Structures are given as structure tokens and as C-alpha cells.
Novice: 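Starting off with a structure, shown below.
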Amino acid sequence: MSKRQVAMVMDLNKCIGCHTCSIACKTLWTRREGMKHMWWNTVNTQPGEGTPHNYEQMGGGFRNGEAQKGIRPTEEDFGVAWDFNHDDVFHGGDEDAFLQANYGEWNNGENWKGPNWDEDIGAGEFPNSYYFYLPRICNHCTKPACLEACPRKAIEKRDEDGIVLINEDRCSGYRFCQEACPYKKIYFNEILGKSQKCIFCFPRIDEGVATACSRQCPGRVRFLGYHDDPEGPIYKLVHEYKVALPLHSEYGTDPNVFYVPPISPVKYDDEGNPTDEHRIPLEYLESLFGPRVKEVLDKIESERKRVAAGEESELMDLLISRKWLDMFGPFSKHPRDVVSAEPVRIVDPAQLSGANPVQIMDMGDKS
Amino acid sequence: MSVNLDRRGFLKGLAAVSGTLAMPSFVAAAAENVAALAKSTVPKYTDWKDIFRNQWSWDKVVRSTHHLNCWTQAHCAWDVYVKDGLVFREEQAGEYEQVNPELPDFNPRGCQKGGCFSHRMYDDTRITHPLRRVGERGSGKWERVSWEEALDDIADAYIDATVEEGTDRTIWDLGPGIDLGVSTAAQGRFSMLTQSIGLDMDGEIGDSRRGTLETFGKIQFERSADDYFNSDLILFWGGNPVHTQIPQAHFYIEAKYRGAKIISISPDLNPSATKADLWISLKPGTDGALALGVCHLIVKEGHVDEAFVKEQTDLPLLVRDDTKEFLKEADILEGGREDFFVLWDEASNAPQVAPFRTLTLGDLKPKLDVSDKVTLKDGKSVKVRSVFSMLKERLEPYTPAHVAKLCGLNEKVIHRFAKEIVSARAVSSIAQTTMCKFYHGNLAERSVALIFCLTGNMGRKGAGFAGFPLLTPDGGDKFQVAPSLKEAKETFAKLEPMIAQRIANGDTMEMVMQDFGGMMFQPGNPLIRLPIWTSGTLFWNVHGGIGEHSADPALIKKWDLKIKRPIYQYLEESLEKNWQPLHPPPGRDPRIMFCMVSNTMRRMRGSEKLREVLWPKLKKIVVFDWRINSTGRYADYVLPIAPWYERTSLKWVTPLSPYLTTTEAATKPMGESLSDWGAVVMLAKHIQQRALARGITTVKSPQGLDVNLHTLYDDLTMNGEFKEGDDDKVAKAIYDLSETHTKMTWEETKKKGFARFEQLPHEPSSIGNMCDIPENDTMVPLTYHVKDKVPWPTASRRISFYIDHPLYLEMDEGLPVYKEPPKMGGDYPLMLTGGKTRWSIHSTWRDSDLMLRLHRPDPAILMSKADAKARDIEDGDWVRAYNDIGEFIARAQVTPSMRPGQSLMWHAWEKYQFPSKGDMNSVSPSPLNPVELAGGHPHLKAGILSGQSSMYDRDTRIEIVKLPKGAKA
């Protein structure tokens, strides 16, 4: 257990499946060698296979405190990061050339399913089909299965905020963490030979800046803060109003990312009349977020009615968050204002001379 | 190339570190070899975390954005991060001030596409040198040439065509990327000086909002997105904001938390429908019927807001039963006016002239439901009816039972829908441009607008039918048209007497501004020299051969178009009467085509015709872009354009986010890229040089204007004041000429990246909003009409539900009516609908590897489970879609959310993304709709971005069959 724990709440009523969060993370962290297939932040249409495909059947985690067997997802399971033949198409001099992903023969290829291949399909039958979007990051669990599983103790949980990090200096690439994590949020870098995953943007958090996925979300889906801060949104949504629920709490790892479950358009009866019932089956939402879903959905609907009638609602005001920065608790600093932003530089030998000494780039002690 | 700070690159840096620091073993070896470098103090590296910290580091940050046609989503203030002279990532600025404490603020805006432009601008599609084709057009064989060589060749071809055949042989294919800023400044000045012709593509891309024009006399009006937060009932009807309003969708969902309801009307459970409280599914193309059904109930059950309707609409105005035309003062009074309409006044129990200079009724008490007789000035007695009386009769058959059958839904749903509307205090809509992509979409729009007007839901906070969003600084026109900055005032001063006269006559400033825009379609007007625009749709139809798809008169019956005469007859009549001007006129072939901010071959329905009919006429086809898009593939030249992070500019936005948003160049243009401004200026330079070398000076335009080729560059650059590379200077000039931004200087705005509009632009493409733009409150459009009683820019000066233009009467579209969607392309069982993809803005990101990895890598065609099962098709199977017009191959996406009978393709797949020769547009014949050829009418005429013919694709009928595995395209 860490002294303090940061947490995130995602309001699934607001998520519109735009994947700006995924891109925010990708452009910042996973552009290096061996990382092309990595999406530390994923967004999936639910019901759906998720990323990696069918991860909910891959085991891991704990049951009654006992570590459970899990399998290690392959790159195909996560979705191979295809390359394309743009060069052939534009410069190959063949007027019939068309853009192809390198999953194999275009009308025979198998691996055409990427991380979001089942977008907007969902489940149910017309006209009562249903779907919503579920963004996921590493849950920075209070009881991380990955940390327990690593024989080299290469996974650490920061004391000051509970962020779970894979120590890349210690990691020897055994990949037990990939088997152990029940959410299957750990990737493997074939070039480095190391496991890698969401770092909760610790360089940003350390500077008081919200995680990229949170700050860049145009839907204003994500709240950040500490569990123990009574003024912050996390405390209020998770502990006071209790509308933010953990995903698959039965995995036993005590995740620190919570979700406000989604209301949905009413469904139709057999005569084609609209009913009063939300169309996403309660059992399905309960299978994800546990037995309190109905209570939360009812609360949201009743608060909406109250506000429509002219009453005040602190919960609705909290979910609206008229001031965007209020969503991020203490992490409301602007990235541009961060002081130590100068990059570590290559020292050009030609520039070395006594007259113009290279300045020290003091990184300070940030570890 | 990539900008990754990869391990190898980092190691090179680490190589300078001495061995005294704790380092992983993989670094030590490199360090030994260059230990000699470690003379000076160097960065410290303590552990693996510093690699990540270093990734989040930069040399400089510049405010910028993406100046393309995100349209309803435009634009978002971004911080662009630069390291080692290259852009390596971007992040939203997130600094929009809260408008007032009651409203959610606009932060952070942005979307995933903008969020990876740093990747896109350097990916495999980027070109940085001019390319000239060496094989046949479309063969894909290119050679690199210099700008000089390219522009000399193009200049000579341009001069040949202009001198030998005329100034109107050069066409600017201006696509949706048009900015009305620095880029348009270049093209606009070029066109003004050379009288070359720009294509107005608004109707052609399918955004005409025809029904809105017919009703309100204009299309451009919308509220700020935060005003939807004030709504009680939001209708998603005609748009899919979860895809197309990513940065402001949160307002609509936050409105729900404030007690509002959302109702989505769409055949399929699209992503926006998942956010609704109630989703109403109806057969595609039957929206007009549903709307008329609701209107039927509103009238029958007594929910008409009579005060609103009597003052703001034409419903009380009288129509002659004998001519079916509006009764005018000139009919009943000797010397009476032709433009004075008549209503029945209950106070005097007699017909009275309706208010003209204002909408205020004063002492008049208009009777709504009139069926009576009036005496004409010659003594004859004629029956007259109010529009409302006629409308009541028109609405009679649209009972819930009948509409339920037409729309394929349950009667109770219609009652419920109507009830929600009439019991809400403020009803708004997200109406965007789905309906106008249906052949009879104009009727659907009119019918939906009728709901809002009957219930008085217009021009109030949180209430209103949504028009076409556009908001632009008003300096661009001045910059385009004035010979020099000094003369900008004088140039426009010439218009003042005309303006003053018209205002004195009772016209509104809006009407005057609109007509000013319309002047661009009438070259050679004596008052002021303007760039020339013409209808893109008509150009492609007539000169491009698109019309051949629907020329056969037998198709009228086959496709059930419900038109009375062959299309070519309507077209001939329209051109003859100069209702819809076409430049160049039929018979004068275009010769030179410049494609800028456009990708015609990608978006044109039935584009095969262009290659067959238009391409052989063109001596030179030049595409300006930063990649070889579908159009570039078939061009003679592709000239590399610097994308937005590499240039400084400003651009139009929309009221949805009423903030001018600027780009400041973060890095230098890569390779030999030039901005649009730079490229056009250089083109002008080479034309001038070649003209002088060839002894060519002045050529006359068909209207007799002087086109001075030998001074083109001098004139375009205002005698060298604004040269190539002066983008910032041009942007500043436009900004300074604008009256919409006075609080900050150009420098201040550039640094901040955005500036809120302060007032309504007096400019043809934005004035339609007719409202204030408050600093500390939401923007509510049309309040000048609804609150201040300024007349609407229509024939009757009122919101118009009756149109007495002969074409409309011939087509029985005088009043709104429901017409079934035609069987476009043949009587095939599935209707191919569409929408804007979330994965690209038009084609700009469509073939981005990053975007494709995040959904499906191949063009996807959505089908219902039932239709797929019936055809033995499973999700992921390749299929062939076809009809009488064409065919294409795509991968099936089978979903329970698609309505049986409906299929759908999200748009903008490039031609070269299809394994087949045909693409998704190959099946859409898009015949002209005769009513759109109307003209010679106060508000049914060509104007900026409106009043012209449309192209359609949403009623396309197809069949889909499975492609066996391993089969060829």
C-alpha cells in the first residue's frame, strides 16, 4: 500500500469514442522502437472483444487472495500495427495499385482485426441494439497482480501516489506480468526486450499537470485526484456520491480507475412502442461494474429530473464541471508552464570548445 | 521519416556521458568509444525514468491549429511542440476563458485527428518537391521538377488558353479546405485580376441546405455550442455530432445533466443516437413525412404559437387562388407595389399591406386562417387563402397512422415525439447536412423548420432550428478586391451610394450583403471588380459530364424522380433565363484547372465521367496539396503545399465555437513546400514573366474587363507589398481590415492562438446569423429578426413556407410536401446512406496509418444483420456493391444497429483505397433537382455557398453480394 493513491474516474455518459486519449498517449509515449503496436490507452465498443481481443477470458488477477493463472496476449491479440504500401501507391508507377495493409493477401488475409475492429457493432437486435464506449488504461491497482508476479521485483508502486511502474532497468523480459494482469494492459517491446505499460504520465503528474489522456479528452470524460482529498472530484464521485464504480472488481486487484456507468436510449417493446427502460441490459453493466449499477443509473436519472424541475444538484454540477480545470484536482497546471522542459541533447563534437562550454542540464533528483 | 526520439538517437546523446554515472550496460559500450567527448559538463542520466522525462521535453511551443474544413468542429487552439526543428507532438491549449459561471467552458476542444497531425505531416504521403507526370494521366509515374520549370510550363499553358480562347477557360476547383483567409486571399486576388473562375462547391459536396434557403432566405445561422446547454429538448435530426462535433459534444451531454432531453431521429442507431434519451428509427429519406406528421398534430391539437407565426412567418399572407401567386398591393391598388404582400387584418376586417420595413405588426391583427374574397384593382373578385389555410389542408393527410406507414414506425412514437416538442420550453436541433444529400431533402428541411416555426422555437436561448454554421472575419473580402490596401476604403466606398439607396428603400443590410455575395456570380458588373464564382455542381454536370449519368428521360420514371420534364429542359430554361449562371457557359470548354484545398476525384459522385468527359478538355491539371490525393493521381502536376503548422494564417470558423483561431508557423516549410499563398504568388510571377517574354499584355474578359497578364504579379502583390513568404503580413492585413476583432492586435491574437468574435461580421457568408456575439453569454442566432423585428431576407420578408416560383408550383412544392426518395441508380433493395467518418476530416487523414490502425484498414460498408444473413455475408467479408451506375468493393461491417434495408458508408475513402476501379461514389448518379435551378427571385438565386444546385448520394439504391475469398477485384 502506498501512502497516497491517485485515481481516475471516467464518465461513460460523456465518452464519444473519439480516441483522442489514445492518440494523446501514443504521440507522447509510444513512438519509439518496438512500440508501434502499443496503445497504453485503448477505447473499445462494448459489448465487444476489447483490446486485446477477448482479454476477459485470459485470466490473471486474484480470487480470494490467490493468484490466478493467466495467459500472455500476443501481438495479434492486441492487434498488429499494420504498415501500408503508400509508396507503391503513390510512386510505384502502377495505376491499379491500391492501398493495402500488410496483413496478407487482401482478400485472404487473416490479421485484419486491429485494436478497435469491432467499433460501433455492440450487441442486441434491431431496434434494441446497444453499445457504448469504454476507455481503459492501466488501473494502477492497489493490489497489482503484475507487481506480485515479477520474480525480479521490477515493478514498483510509488509511495507518494501509488502509480505502478515497470522499472525498465530491472526488467529482463520474463513477461509474467503480462500473464498476471487480468486487464491485460501490459505490452511487450520486442526491440528492448522489456514489458511496458501506462506510466500514468508520471513526468506530468510530478509537475502538477494532468495525464495526457485526461487533459486532451475533448469529451471531458476524465476526473483526476487523490482518494483522500475530500475537496477533490475523486473522493466525491467514488466515496461520497458513490457513482463511480470499478471495472471487474472480481479480478481482485483493487483498481484505481472508476467508471460512471452509462444511461442509454429507451428500448422498444414488441409493438414498436418506446418503453421506460434503458436499452443496455442491466445484467451486462453489472457484469462489468458490479451490483451497484442500478442504484447509480437511477440516481443519475432522478437528479436530472430534479434539475429539470429547477432544483440544485451538486452531483450534476460535479459531473458537468463547468470549469474544465476543476476536473483534475491538484493536477491543473498548464503544460507550457512547466519549467524543466528542455530536452537532453546530443553534444555535437564540432561545437565543443573551451570558449563555449556546454551548459549543464541538471535533471535534479527526480527518482 | 519519423521524428521519434528513439533509443539509438538518445544513445548518441548518452555517448558523451562519462562512466562515473550509473548506467545500464547497453550504454557503457558506446560511451567507451567516445569518452574523449566527455570534456564539458553534460546532462545527467540517473535511471530509465529520465528517458520518459526526456520524451516530454521541447525546444519551443507555438500556438497553432488545423485550417481545414472540420466545419462544425472548426477550430481548436493547439500548442504545437517543436524539437530539433521538427514538430513532434501537439496538445490542446485549453485556455478558453469561461464565458460565464453558469456555462461549461469550451475547454479543451480538439480531436484525435488534430492530435496526430504531427505524425501525419511527416508520414509516407507527404511530398516536398514539385512532381510532373511522365506517363499517362493516372499512370502513377512521376518525375521531380523544379518550381521554375513547373511554373513556366503551367504559365505558358495558361497564357495560351487565355489569349487564344479566353479568360474564362481557367477554373479554380476550390474544395472544402477553402479558408476565406490567406489562402483565399491569393486565389481571390488571382481570380479578381484574371477573371478566372472559382467553383462554389457547397452544393456540390452536398451541403446546400436548400430547404433552409427556401424557408429563411439564407442558410448561414447557428448558435454557439454552449447555448445548447440552455436547451430543454435537443433534436439530433440531420446530423451526427458524436462524429462531427467532437470538441463540443460535451455541451449536449452536459445539457442532459442540466435536465435537458435528447431525441435522435435516424434510421440507424448511430453513435450520436446512443447519447439520446429516445431514438426514433425511420426509413431513410422519410424525415419529411415524420416532420409533417408532427406539424399535423401541432396544428390539430392547438399548439401553434400564433403570436410568433403571425409576426415572423408568411402563414397569414394571402395567396390568390386563380394564379396561385401571393396577392400583392399592386393587384388591389392602382400604383401599388409588386413587393408589398397582403394579409387579412381582423381589426379592420379587410386586406391590408403587411409591414415592410419592420416585422412589428403595430395595430394590425392578422387573421391566420383565411379563406375569403378580395376585389382586384380592375374590379374582379378573386378567392384568396392565407398560407396557413392552405397549409392546414396540405397537412391533413399526414395523420399519425399514415405517417407511421410512410416512415416504418409506430403511431405512438409520433404522438410521443410531438408531445415532447410541444411541452418543452426551448427546443433546438442539430441539423447539419444529412437531409440536403437526399434528392428531396429540401422538402424535409422545410418540414422540420415548420415544426420550429409553428411552435415559436426560433431566435431564443436554447431554442431554434439549426442552419448552416459559418462565421468569418470580414477583412478577407476587402483584401481580395482592393487594388491596394490604401485603396481598400475607396474600393468599397463605390458601393455606398447603392447601399444607401437600398437601405432608404427599406432593404436590410443583410439583404444588401447577400446580394454583394451574389455579384460574384455575375462577372463584369460595372460597380466593383470581383473574383468570379460559379456553381460547382453545374460546372461538373455540364462541362464535366456528370449529367450524362441521368440524361436519359426514361430514368425519370425508372428512378421515380417525380419531375415533370426531362432534366436538360429545366437546365436549358434556367441557363437561358440566367436563373443559374454558369461560367464558362456551355460550349466554351475549360482548359486549365487548378485544384486547391480540394480533392474532387475523391468526393465527386460518379467521378468516372470527369475522366471521360472533362479531362480530355483540360490542357493542364494542377493539384496543390501536401500529398498525392485521389485527384493528384490524375493530374499533370502536383505542387507541394506546406501544411498548417508550417505557415501563418487565419480562417473562418463557426458560431458553434465563435473564436477566430490562428496558426503561427512552428517550423519552416519542409523541402520545397510553399503555402497556398506562396504558390499562387509564384504562379502569378511566372505568368507575368512569360507574358513579358512573349510580348503579351492585356486580354479582355468576355464581359470586356481588362486582364493584364504582364503586370499580374505586381497587381496581385499590391506592387510588391505582399510577396511570396509574406503570409504573416497578409494575415495581419486581413485581421486589421476586419471589424470583428478589435480588442487584441494581430500579434497578440497569434500568440494566444484564438480570439473571440466581438460582433457580427458584415460579410455575405456570415451575416445570416443576424445577432450579437456577446462576450459573456452564448450566441443566439436570429434575434435581430425575432426580437428586433428586422425583416427576413426573403421575397415576403418573412419566414417562408409558401414559394410561388413557377418551378416550385410545377413540382407541387409551393408548400412543403413529402416525396418518397427516388430509386436512385435503379430499383435495388438496399438504400446506401452515409455520414462523416470520425476518423478523418474529409480525406485529409483517411489513409493515415495511425487512423487506419485504430478502426479498420479497408473501406467498410455497414449492413444490418438481417440483410447480411440473407446474402450469406458475415462481418469482415469482402463484398461487391453495385447498381445501374457503377460498382465497388468494400469490406462488410455487420451490425445490429443498422436498419434492415439500409446500408451505410462513412465518407471520404480515397479512390486508391478501394481494390476495385470503382469507389463508394461510383454508384451515385446525382441528377439535378429542377427546383434548385430556380432564379430570378428575391431569395432563390445563386449566392455565396447557397442558392445553387446540389449533388446527392443518400438515396442511392444498391445491391450487395459477397465476394468469394481469393477473388480478384
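In the text below, chain A, chain B and the rest are named by the order of the sequence lines, each starting its count at 1. On a predicted model such as this, the values are computed, not experimentally measured, just so you know.
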Novice: Taking side chain as everything from C-beta outward and backbone as N, CA, C, O, which of these in Ala260(B) sits under 4.5 Å from a heavy atom of chain A? Side chain, backbone, both or neither.
Specialist: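 Just the backbone, heavy atoms under 4.5 Å.
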Novice: Where on Glu91(B) is there a heavy atom nearer than 4.5 Å to chain A: the side chain, the backbone, both, or neither?
Specialist: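 Both backbone and side chain of Glu91(B) come within 4.5 Å of chain A.
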Novice: Taking atom NZ of Lys113(B) and atom SG of Cys18(A), what is their separation to the nearest 0.5 Å?
Specialist: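 The NZ atom of Lys113(B) sits 7.5 Å away from the SG atom of Cys18(A).
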Novice: For a 4.5 angstrom cut-off between non-hydrogen side-chain atoms, does Ser281(B) reach Tyr268(A)?
Specialist: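 Of all side-chain heavy-atom pairs linking Tyr268(A) with Ser281(B), none is under 4.5 Å.
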Novice: Looking at Ser129(A), Gly114(A), Ala308(A), Ala24(A), which one has more heavy-atom pairs under 4.5 Å with chain B than the rest?
Specialist: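 It is Ser129(A).
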Novice: Which atoms of Tyr81(B) are under 4.5 Å from chain A, going by heavy atoms: the side chain, the backbone, both sets, or neither?
Specialist: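 The answer is the side chain of Tyr81(B).
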Novice: State, yes or no, whether a side-chain contact exists between Asn116(A) and Trp839(B) at a heavy-atom distance under 4.5 Å.
Specialist: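 The answer is yes, as the side chains (C-beta and beyond) meet within the 4.5 Å cut-off.
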Novice: So Glu95(A) and Arg137(B), do their side chains get closer than 4.5 Å, heavy atoms only?
Specialist: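 Result no, sub-4.5 Å side-chain heavy-atom pair not found.
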Novice: Tell me whether Glu119(A) is salt-bridged to Arg838(B), with the criterion being a basic N under 4.0 Å from an acidic carboxylate O.
Specialist: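 So Glu119(A) pairs with Arg838(B) through a salt bridge.
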Novice: Tell me, side chain or backbone of Lys256(B) under 4.5 Å from chain A's heavy atoms, or both, or neither?
Specialist: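 Looking at Lys256(B), backbone and side chain both touch chain A.
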Novice: Distance to the ring centre below 6.0 angstrom and angle to the axis at most 45 degrees; does that hold for Arg891(B) and Trp112(A)?
Specialist: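 Cation-pi check for Arg891(B) and Trp112(A): passes.
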Novice: Which atoms of Glu910(B) are under 4.5 Å from chain A, going by heavy atoms: the side chain, the backbone, both sets, or neither?
Specialist: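 The answer is neither part of Glu910(B).
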Novice: Look up atom CG in Leu131(B) and atom NE2 in His91(A), then write down how far apart they are to the nearest 0.5 Å.
Specialist: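 Here the rounded value is 6.5 Å.
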Novice: Is it true that the side chains of Trp48(B) and Asn167(A) contain a donor and an acceptor less than 3.5 Å apart?
Specialist: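 Side-chain D/A pair, Trp48(B) to Asn167(A): present.
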Novice: Identify which part of Asp858(B) has an atom lying under 4.5 Å from any heavy atom of chain A, answering side chain, backbone, both or neither.
Specialist: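 Contact with chain A involves the side chain of Asp858(B) alone.
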Novice: Can you tell me which portion of Ala273(B) sits under 4.5 Å from chain A's heavy atoms? Options are side chain, backbone, both or neither.
Specialist: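 Ala273(B) touches chain A through backbone heavy atoms alone.
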Novice: For Val134(B), is it the side chain, the backbone, both, or neither that has a heavy atom closer than 4.5 Å to a heavy atom of chain A?
Specialist: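 Val134(B) has no heavy atom closer than 4.5 Å to chain A.
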Novice: When heavy-atom pairs shorter than 4.5 Å are enumerated against chain B, which of Asp11(A), Ile121(A), Thr27(A) gives the highest number?
Specialist: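 That would be Ile121(A).
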Novice: Testing the 3.5 Å rule here: is there a donor-acceptor pair between the side chains of Tyr257(B) and Asn13(A)?
Specialist: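 Per modelled atom types, Tyr257(B) and Asn13(A) side chains form a pair under 3.5 Å.
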Novice: Of the options Arg220(A), Lys323(A), Arg322(A), which is the one that meets Asp105(B) in a salt bridge (Lys or Arg N to Asp or Glu O under 4.0 Å)?
Specialist: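 It is Arg220(A), the one option of Arg220(A), Lys323(A), Arg322(A) that forms the salt bridge (Lys or Arg N to Asp or Glu O under 4.0 Å) with Asp105(B).
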Novice: Find out whether Leu850(B) and Ile23(A) are in side-chain contact, i.e. whether some heavy atom of one side chain is under 4.5 Å from a heavy atom of the other.
Specialist: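 A side-chain contact exists here, since the closest heavy-atom pair is under 4.5 Å.
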Novice: Please look at Leu269(B) and chain A and tell me whether the side chain, the backbone, both or neither of the residue comes under 4.5 angstrom of a heavy atom of that chain.
Specialist: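 For Leu269(B), the contact with chain A is made by backbone and side chain together.
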Novice: For residues Pro218(A) and Ile246(B), report the shortest heavy-atom separation together with the two atoms involved.
Specialist: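 Closest pair (atom of Pro218(A), atom of Ile246(B), distance): CG-CG2, 3.6 Å.
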Novice: Please classify the contact between Phe106(B) and chain A as side chain, backbone, both or neither, with a heavy-atom cut-off of under 4.5 Å.
Specialist: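 Phe106(B) touches chain A through backbone heavy atoms alone.
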Novice: Quick check on Asp847(B) against chain A: is it the side chain, the backbone, both or neither that has a heavy atom closer than 4.5 Å?
Specialist: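 Both parts, heavy atoms under 4.5 Å.
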Novice: Spell out, as yes or no, whether a donor-acceptor pair under 3.5 Å connects the side chain of Trp878(B) to the backbone of Trp106(A).
Specialist: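 Present.
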Novice: Do Trp29(A) and Trp56(B) have their ring centres less than 6.0 Å from each other?
Specialist: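 Judged by ring-centre distance (under 6.0 Å), Trp29(A) and Trp56(B) do not meet the cut-off.
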Novice: I want to check something: taking the side chain as every heavy atom from C-beta on, are Ser897(B) and Phe126(A) in contact at a cut-off of under 4.5 Å?
Specialist: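 No, too far: nothing below the 4.5 Å cut-off.
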Novice: With chain A, which of His243(B), Arg416(B), Glu102(B) has the greatest number of heavy-atom pairs at distances under 4.5 Å?
Specialist: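 If we count pairs closer than 4.5 Å to chain A, Glu102(B) comes out on top.
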Novice: Between Asn273(A) and Val413(B), is there a donor-acceptor pair closer than 3.5 Å when you use the side chain of the first and the backbone of the second?
Specialist: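 No; judged by distance alone, with no hydrogens or angles, the pair does not exist.
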Novice: I'd like to know if the side chain of Arg258(B) and the backbone of Ile320(A) have a donor-acceptor N/O pair within less than 3.5 Å.
Specialist: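 No.
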Novice: Pick whichever of Ala93(B), Pro915(B), Ala276(B) has the most heavy-atom pairs under 4.5 Å with chain A.
Specialist: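 Counting heavy-atom pairs under 4.5 Å, the top option is Pro915(B).
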Novice: Are any non-hydrogen side-chain atoms of Pro127(A) and Trp279(B) less than 4.5 angstrom apart?
Specialist: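 Contact flag for Pro127(A)/Trp279(B) side chains = yes.
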Novice: What is the distance from atom NE2 of His119(B) to atom CZ of Arg31(A), rounded to the nearest 0.5 Å?
Specialist: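 One finds 7.5 Å between NE2 of His119(B) and CZ of Arg31(A).
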Novice: Assess, by modelled atom type and distance only, whether the side chains of Trp117(A) and Gln893(B) contain a donor and an acceptor separated by less than 3.5 Å.
Specialist: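 Side chains of Trp117(A) and Gln893(B): no pair found under 3.5 Å.
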Novice: Against chain A, label Met898(B) side chain, backbone, both or neither, depending on which of its atoms sit under 4.5 Å from a heavy atom there.
Specialist: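 Contact with chain A involves the backbone of Met898(B) alone.
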Novice: May I ask you to decide whether Lys412(B) forms a salt bridge with Asp269(A), counting only side-chain N to carboxylate O separations under 4.0 Å?
Specialist: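 Here Lys412(B) does not pair with Asp269(A) in a salt bridge, since their nearest N and O are not under 4.0 Å apart.
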Novice: With a 4.0 Å cut-off on N to O distance, would you call Lys917(B) and Asp96(A) a salt bridge?
Specialist: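 Yes, charged N to carboxylate O under 4.0 Å.
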Novice: Once you round to the nearest 0.5 Å, how far does CD1 of Ile628(B) lie from NE2 of His86(A)?
Specialist: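 The NE2 atom of His86(A) is 11.5 Å from CD1 of Ile628(B), to the nearest 0.5 Å.
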Novice: Under a 4.5 Å cut-off applied to non-hydrogen side-chain atoms, are Asn85(A) and Asp124(B) in contact?
Specialist: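 Heavy-atom side-chain distance check fails, nothing below 4.5 Å.
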Novice: Counting only heavy atoms closer than 4.5 Å, note whether Arg89(B) contacts chain A via side chain, backbone, both or neither.
Specialist: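 Both parts, backbone and side chain.
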Novice: Would the distance check show the side chain of Asn107(A) and the main-chain N or O of Ala967(B) forming a donor-acceptor pair, the cut-off being under 3.5 Å?
Specialist: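 Between the backbone of Ala967(B) and the side chain of Asn107(A) there is a qualifying donor-acceptor contact (under 3.5 Å).
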Novice: Using a 4.5 angstrom heavy-atom cutoff, name the option from Lys305(A), Lys26(A), Arg204(A) with the most pairs to chain B.
Specialist: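 Option with the greatest count: Arg204(A).
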Novice: Do Arg853(B) and Asp83(A) sit within salt-bridge range, that is, some charged N less than 4.0 Å from a carboxylate O?
Specialist: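 Looking at Arg853(B) and Asp83(A), the cut-off is met.
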Novice: Give, as side chain, backbone, both or neither, the part of Leu852(B) having an atom under 4.5 angstrom from any heavy atom of chain A.
Specialist: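 Answer is both: backbone and side chain atoms of Leu852(B) are under 4.5 Å from chain A.
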Novice: Got a second to check how far Asp118(A)'s CG is from Thr895(B)'s OG1, nearest 0.5 Å?
Specialist: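 Going from the CG atom of Asp118(A) to the OG1 atom of Thr895(B) covers 10.5 Å.
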Novice: Can you see whether Arg32(A) engages Gln55(B) through a side-chain donor-acceptor pair at a distance of less than 3.5 angstrom?
Specialist: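 There is such a pair (donor and acceptor under 3.5 Å, judged by atom type) between the side chains of Arg32(A) and Gln55(B).
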Novice: Which heavy-atom pair separates Tyr133(A) from Pro271(B) by the least distance, and what is that distance?
Specialist: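 That would be OH-CB, 3.4 Å.
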Novice: Looking at Asp232(B), Leu409(B), Asp875(B), Leu278(B), which makes the most heavy-atom pairs under 4.5 Å with chain A?
Specialist: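 Sorted descending by pairs with chain A, the first entry is Asp875(B).
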